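When a residue number appears, it is its place in the shown sequence, counting from 1. Because the structure is a prediction, the values reported are computed rather than measured.
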Amino acid sequence: MTEAVYKGLSALVLENEILRLTFLPGYGFKLASLLSKKTGREWLFQSPENTLRIPEYGAPFSAYDSSGFDEVFPSIDACPYPDGPYKGLPVPDHGELWTLPWEGIASPDGKSVKAFTESKIFPYIFSRRTTLNNNEITFEYEVENTSCEEFKFIWTPHCLLACSPATRIIVPENLTQVMTVEHSTQHLGVWGSLHSYPITTDIHGQTIDLAATEPASACNCEKFYFTALNLAGWCAIEHTDTGEKLRYDYDGKKIPYLGVWKTQGGYRGDYNIALEPCTGEFDDLYVANKLRRTAVIEPKDKFVWKLKMTVL
């Protein structure tokens with residue numbers, strides 16, 4: 001592991017002969033770049049800014065850089081914490097982790113880095129060990145509940161992927177229906193509308209392929225969740241023009257929900273997609289709790305899980 005500077009911020013680089021990973025410890029330990037050294041492909045969406053600003057706690061996500069891979073916890077949308085002794089406390093937009101200071105410790109062999117942070121408001125310590133092995137990146141997570149009350153949360157890897165009209169989403173065959181949760185969608189209608197997947201008819205009567213990526217000129221956004229649980233625990237994207245793939249593998253019992261974000265020029269002009277395996281559903285912790293679709297850490301206990309990304 002080596003030190004570097006990335007868009008004006010101190011960075012840590014973890015690399016081998018296949019992949020180069022660049023982290024920003026002062027910016028929520030964001031994974032800012034995932035580069036395939038053999039092909040030159042940058043897998044993560046890059047914003048046009050040449051310098052990045054470190055966000056303040058509780059900042060709106062839209063006011064800052066929206067590139068790379070941020071950890072989102074304990075909610076995606078801003079909301080009040082749902083119940084218990086922390087009921088009503090505000091959970092910031094895209095959670096706390098992307099604005100909190102983290103500490104990082106590299107392994108002696110230079111093949112992994114452990115990063116951790118602690119909430120100043122809620123009772124948890126969040127840690128992530130990232131290990132690079134050939135073409136695989138393994139993220140090992142642990143959240144410790146330091147209180148005597150249960151703690152509920154939604155976690156997702158907010159990993160914005162670079163895309164083109166040749167990019168397709170690949171999911172298990174049992175995922176055949178989605179529900180939209182994006183108010184600004186041009187295709188899928190009001191929040192809660194159901195659609196077949198991947199082929200559906202949009203609100204204008206046109207046939208569309210939800211597994212495909214539209215060009216940036218489409219100027220729209222989509223966010224939807226599959227209505228069936230993804231217990232198989234995998235999803236992927238493929239760049240069909242080159243055959244390159246990025247696959248996620250994880251424990252589908254601990255992370256059973258799968259969301260998809262697609263901004264095809266419709267959000268600040270950005271152009272990216274995101275596969276979002278989630279421990280809870282519909283972005284909002286308060287809503288998810290009402291539906292009993294959150295993850296829970298028991299008092300003085302830990303919740304652990306893994307996410308593996310494989311570049312193929």
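- Between Tyr6 and Val13 the shortest side-chain heavy-atom distance does not fall below 4.5 Å.
- Taking the side chain as every heavy atom from C-beta outward, Pro25 and Ser10 never approach each other to under 4.5 Å.
- In this structure, the side chains of Pro277 and Tyr248 come closer than 4.5 Å at one or more pairs of heavy atoms.
- Val91 and Leu89 fall within the same hydrophobic cluster, defined by Ile, Leu, Val, Met, Phe, Trp and Tyr side-chain heavy atoms under 4.5 Å apart, directly or through other members.
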Evaluate side-chain hydrogen bond (donor to acceptor under 3.5 Å, both in side chains) for Ser47 paired with Asp65, printing each intermediate quantity in order. CA-CA 7 Å; Ser47 58; Asp65 173 70; 2.4 Å; yes
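- With Asn230 contributing its side chain and Trp234 its backbone, the two residues share a donor-acceptor pair below 3.5 Å.
- The backbone N or O of Leu188 lies less than 3.5 Å from a partner atom in the side chain of Thr185, making a donor-acceptor pair.
- Residues Ser184 and Glu182 bring a donor and an acceptor atom of their side chains to less than 3.5 Å of each other.
- For Gln46 and Ser67, the side-chain atoms include no donor-acceptor pair closer than 3.5 Å.
- Within the 4.5 Å cutoff, the side chain of Ser127 has no heavy atoms near those of the Tyr141 side chain.
- Between the Asn133 side chain and the Glu136 main chain, no donor and acceptor come within less than 3.5 Å of each other.
- Taking all atoms of both residues into account, the shortest heavy-atom contact from Ser164 to Thr213 is O-CB, 3.4 Å.
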One pair to check against side-chain hydrogen bond (donor to acceptor under 3.5 Å, both in side chains): Ser62 and Arg268. What are the steps and the verdict? CA-CA 9 Å; Ser62 61; Arg268 305 195 311 188; 5.6 Å; no
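- Inspection of the Glu118 and Tyr124 side chains reveals no N or O donor paired with an N or O acceptor under 3.5 Å.
- Below 30°, between 30° and 60°, or above 60°: for Phe29 and Trp102 the angle between ring planes is between 30° and 60°, a tilted geometry.
- Of the residues Glu42, Glu15, Glu17, the one that meets the salt bridge (charged side-chain N to carboxylate O under 4.0 Å, His left out) test with Lys37 is Glu15.
- No path of Ile, Leu, Val, Met, Phe, Trp and Tyr side chains, each step under 4.5 Å between heavy atoms, connects Ile137 with Leu160, placing them in separate hydrophobic clusters.
- A donor-acceptor contact shorter than 3.5 Å links the side chain of Asn135 to the backbone of Val311.
- Counting only distance, with no hydrogens or angles, the side chain of Asn145 and the backbone of Ile297 share a donor-acceptor pair below 3.5 Å.
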Apply side-chain hydrogen bond (donor to acceptor under 3.5 Å, both in side chains) to the pair Tyr271 and Gln264, showing each step before the final yes or no.
CA-CA 5 Å; Tyr271 188 45; Gln264 298 150 142; over 6 Å; no
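- The aromatic rings of Phe153 and Trp305 lie parallel to each other, their planes meeting at an angle below 30°, with 60° marking the opposite boundary.
- Linking ILVMFWY residues whenever their side-chain heavy atoms come closer than 4.5 Å, directly or via other members, places Leu258 and Trp191 in the same cluster.
- By the 4.5 Å heavy-atom criterion applied to side chains, Ile125 and Val143 are not counted as neighbours.
- Relative orientation of the Trp98 and Tyr64 rings is perpendicular, given thresholds of 30° and 60° on the angle between their planes.
- Here the closest non-hydrogen pair linking Glu150 and Val296 is OE1-CG1, 3.7 Å.
- Under a 3.5 Å cut-off, the side chain of Lys30 and the backbone N or O of Gly68 do not form any donor-acceptor pair.
- Here the closest heavy-atom approach between residue Arg247 and residue Ala236 is recorded as CA-CB, 3.9 Å.
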**Prompt:** Passes side-chain hydrogen bond (donor to acceptor under 3.5 Å, both in side chains), Gln177 versus Ser196? Steps please.
**Reply:** CA-CA 4 Å; Gln177 186 185 61; Ser196 60; over 6 Å; no
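- In this structure the side chain of Leu9 never reaches within 4.5 angstrom of the side chain of Lys7, judged on heavy atoms.
- For the atom pair Ile105 CD1 and Ser107 OG, the distance stands at 11.0 Å (nearest 0.5 Å).
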- Leu35 vs Leu19, side chain to side chain contact (heavy atoms under 4.5 Å, CB included): CA-CA, chis, key distance, verdict: CA-CA 6 Å; Leu35 182 70; Leu19 300 173; over 6 Å; no
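- Evaluated for a ring pair (Phe, Tyr, Trp, His ring centres under 6.0 Å) with Phe69, the options Trp43, Phe45, Tyr27, Phe139 yield exactly one hit, Phe139.
- Using modelled atom types, one side-chain atom of Asp202 and one backbone atom of Gln206 make a donor-acceptor pair closer than 3.5 Å.
- The CG atom of Leu14 sits 5.5 Å away from the CG atom of Leu21 when rounded to the nearest 0.5 Å.
- Note that NE2 of His187 and CD of Glu214 are 3.5 Å apart. Values are rounded to the nearest 0.5 Å.
- Within the 6.0 Å centre-distance limit, the rings of Phe122 and Tyr81 are counted as a close aromatic pair.
- Asp270 and Ser66 share a donor-acceptor pair across their side chains, judged by distance under 3.5 Å alone.
- Between Cys159 and Leu44, the shortest heavy-atom distance links the atoms SG-CD2, 3.5 Å.
- A distance of 5.0 Å separates OG1 of Thr156 from CD1 of Ile76, quoted to the nearest 0.5 Å.
- Tracing side-chain contacts under 4.5 Å through hydrophobic residues (I, L, V, M, F, W, Y), one reaches Ile154 starting from Tyr86; they form part of the same cluster.
- Partner Phe116 forms a side chain to side chain contact (heavy atoms under 4.5 Å, CB included) with one of Glu103, Glu142, Arg129 and no other, that one being Glu103.
- Aromatic ring centroids of Phe73 and Phe126 lie under 6.0 Å apart.
- A donor-acceptor contact shorter than 3.5 Å is absent between the side chain of Thr51 and the backbone of Gly8.
- Open room surrounds CG on Asn50; 12 or fewer heavy atoms of other groups in view lie less than 6.0 Å from it.
- The cationic group of Arg293 does not satisfy the cation-pi geometry with Tyr257, failing either the under 6.0 Å distance to the six-membered ring centre or the 45° limit from the ring axis.
- We find the OG1-OH distance between Thr138 and Tyr250 to be 15.0 Å, quoted to the nearest 0.5 Å.
- With a 4.5 Å cut-off on side-chain heavy atoms, Leu100 and Tyr57 count as touching.
- Aromatic rings of Phe224 and Trp261 (six-membered ring for Trp) have centroids beyond the 6.0 Å cut-off, not under it.
- When atom types are taken as modelled, the side chain of Thr240 and the backbone of Thr167 share no donor-acceptor pair closer than 3.5 angstrom.
- Both the sub-6.0 Å distance and the 45° axial angle are satisfied by Lys254 relative to the ring of Phe303.
- Here the side chains of His94 and His158 are in contact, with some heavy-atom distance below 4.5 Å.
- Between Met1 and Ala106, the shortest heavy-atom contact is SD-CB, 3.9 Å.
- The backbone N or O of Thr146 lies less than 3.5 Å from a partner atom in the side chain of Lys300, making a donor-acceptor pair.
- Leu275 is connected to Ile273 through a chain of hydrophobic side-chain contacts under 4.5 Å among Ile, Leu, Val, Met, Phe, Trp and Tyr, so both are in one cluster.
- Residue Leu194 comes nearest to Thr227 through the heavy atom pair CD2-CG2, 3.9 Å, listed as atom of the first residue, atom of the second, then distance.
- Atom-to-atom distance recorded for Asp283:CG and Cys79:SG is 10.0 Å, nearest 0.5 angstrom.
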